[in-house]
Visitor: 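One structure coming up, written as structure tokens, with questions to follow.
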Protein chains: 2
Amino acid sequence: MRRNPERRQALVDAAIEVLAREGARGLTFRAVDVEAAVPPGTASNYFANRDDLFTQVGGRIYERLLPDEAAIARNQEGVQDQTRYAELMHELVDRVSAFNSGYLALLELRLESTRRPELRAVLTKRIREDIDANIGYHAASGLPGDSTSVVLLYLALNWLIVERLTLPDIFTEPEVHELVEAAVRRSLNA
Amino acid sequence: MRRNPERRQALVDAAIEVLAREGARGLTFRAVDVEAAVPPGTASNYFANRDDLFTQVGGRIYERLLPDEAAIARNQEGVQDQTRYAELMHELVDRVSAFNSGYLALLELRLESTRRPELRAVLTKRIREDIDANIGYHAASGLPGDSTSVVLLYLALNWLIVERLTLPDIFTEPEVHELVEAAVRRSLNA
DNA sequence: AACGTAGTACTACAGATGGAGTGGTGTCAA
DNA sequence: TTGACACCACTCCATCTGTAGTACTACGTT
């Protein structure tokens with residue numbers, strides 16, 4: 001098993017792209033090699049087996065989907081009113097949509113996790129942490145709305161992103177915008 | 001190309017199971033043959049190619065996910081107050097969760113549709129119709145809440161189902177129940 | 001400065017799987 | 001008798017995994 005961390009990360013990031021493009025079953029060592037533009041057989045040297053590959057991708061994907069720490073700090077200062085909150089949610093939806101392949105890869109991982117307990121454990125942990133962090137941020141902001149509000153907002157926005165990424169013609173861009181607005185409005189007024 | 005409609009339907013239904021179990025890339029003619037317990041090569045005689053197979057599954061899946069006509073009629077009579085509405089939503093979540101493989105297959109199809117324009121067209125049409133039908137039912141019921149309310153409810157419940165099917169340990173059953181209640185309550189009070 | 005060693009990149013191969021597509025034969029019913 | 005279909009068999013082809021072996025590079029030692 002090779003240890004070079006830059007190369008390992010490059011391989012994992014390549015795996016994310018493969019996952020988004022080819023689907024879970026298309027995620028093979030060879031496909032990762034090609035995507036990362038490394039010699040065939042390289043991925044075999046960095047991952048014990050496909051299960052290991054999936055698990056490592058599951059651990060990495062959230063690092064790339066979440067905003068970096070600087071952005072979080074910036075937001076923490078700024079969250080004070082509903083308008084600002086809505087802006088943040090728009091940013092969220094746009095950021096995730098922009099890293100298109102990352103979100104699609106996460107969906108693929110979710111589906112694959114129905115077949116791989118180890119992967120399921122990794123994803124469950126990460127996502128639970130993410131939800132709790134969101135509840136925490138919201139509570140700290142002092143805005144109205146309890147944890148149920150936050151979770152309902154999380155649910156609605158997640159599916160809105162899915163809809164937008166997989167079937168972009170279901171909602172127009174203005175509709176998406178309005179739905180985000182409405183979701184925030186209702187979440188905070190409850 | 002063979003025409004026997006019962007057999008065709010049996011093959012398509014088998015394909016749904018394969019899709020849920022093996023993922024989109026695992027949906028091969030041979031896998032469908034095995035799942036449907038027919039001789040190898042049969043699926044090749046019923047579908048021009050894999051694209052055709054995907055498209056036919058996309059056309060069929062909604063017939064099986066939606067409640068049958070009798071159930072709709074029953075509901076139409078009954079929808080009058082918020083309690084009844086919440087019951088219906090619980091039924092929805094349970095029905096979809098019960099036909100587990102159908103919903104997972106639909107998710108696989110959504111992801112696959114990013115690669116298959118024809119499939120995307122079929123799904124877009126079906127899902128748009130479903131959303132519009134829900135908006136229509138709601139309007140006919142005379143309950144408070146506009147079309148945005150209905151869509152937000154649709155969004156939240158969809159992701160709740162995804163969460164429950166792919167990572168069942170994120171929310172406990174009581175939490176799921178409470179989220180459905182809260183989603184309906186807030187949707188109707190807005 | 002020469003040498004040795006460890007870790008890694010790269011190459012090549014063996015072995016195996018599994019699927020697509022098609023042609024042919026048997027069967028049944030109109 | 002004919003046509004449609006079920007069933008079966010076979011060929012061709014595309015990949016993938018796992019590993020063995022070679023080449024390179026950096027670093028430490030003497």
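First the proteins, then the strands, lettered A, B, ... as listed; each starts at 1. Hydrogens, waters and symmetry mates play no part in the numbers below; they use all other heavy atoms, side chains included.
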Visitor: According to a strict under-4.0 Å criterion, is Ser44(B) in side-chain N/O contact with OP1 or OP2 of dG21(C)?
Guide: no
Visitor: Rounding to a whole Å, what distance do you find between Asp33(A):CG and dC10(C):P?
Guide: 11 Å
Visitor: Hey, does the side-chain of Arg7(A) have a donor or acceptor N/O within less than 3.5 Å of a partner on the base of dA9(C)?
Guide: no
Visitor: Consider only side-chain heavy atoms of I, L, V, M, F, W and Y, link residues closer than 4.5 Å, and tell whether Val38(B) and Val18(B) are in one cluster.
Guide: yes
Visitor: At less than 3.5 Å, do the side-chain atoms of Arg2(A) and the base atoms of dA9(C) form a donor-acceptor pair?
Guide: yes
Visitor: What residues, two or more places apart in sequence or in another chain, satisfy salt bridge (charged side-chain N to carboxylate O under 4.0 Å, His left out) together with Glu17(B)?
Guide: none
Visitor: May I have the distance from Asn45(B) (atom CG) to dC8(D) (atom C1'), rounded to whole angstrom?
Guide: 12 Å
Visitor: Can you tell me whether the side chain of Arg30(B) and the base of dG21(C) have a donor-acceptor pair closer than 3.5 Å?
Guide: yes
Visitor: Between dA9(C) and Tyr46(A), is there an OP1 or OP2 to side-chain N/O distance shorter than 4.0 Å?
Guide: yes
Visitor: Output the rounded distance in Å from CG (Asn4(A)) to C1' (dC27(D)).
Guide: 16 Å
Visitor: Whole Å only: how far is the CZ atom of Arg8(B) from the C1' atom of dA6(D)?
Guide: 15 Å
Visitor: Ile161(A) and side-chain contact (heavy atoms from CB on, under 4.5 Å): which single residue from Val176(A), Val93(A), Leu107(A), Asp94(A) fits?
Guide: Val93(A)
Visitor: Find the distance Leu27(A):CG to dC16(D):P and express it as a whole number of Å.
Guide: 11 Å
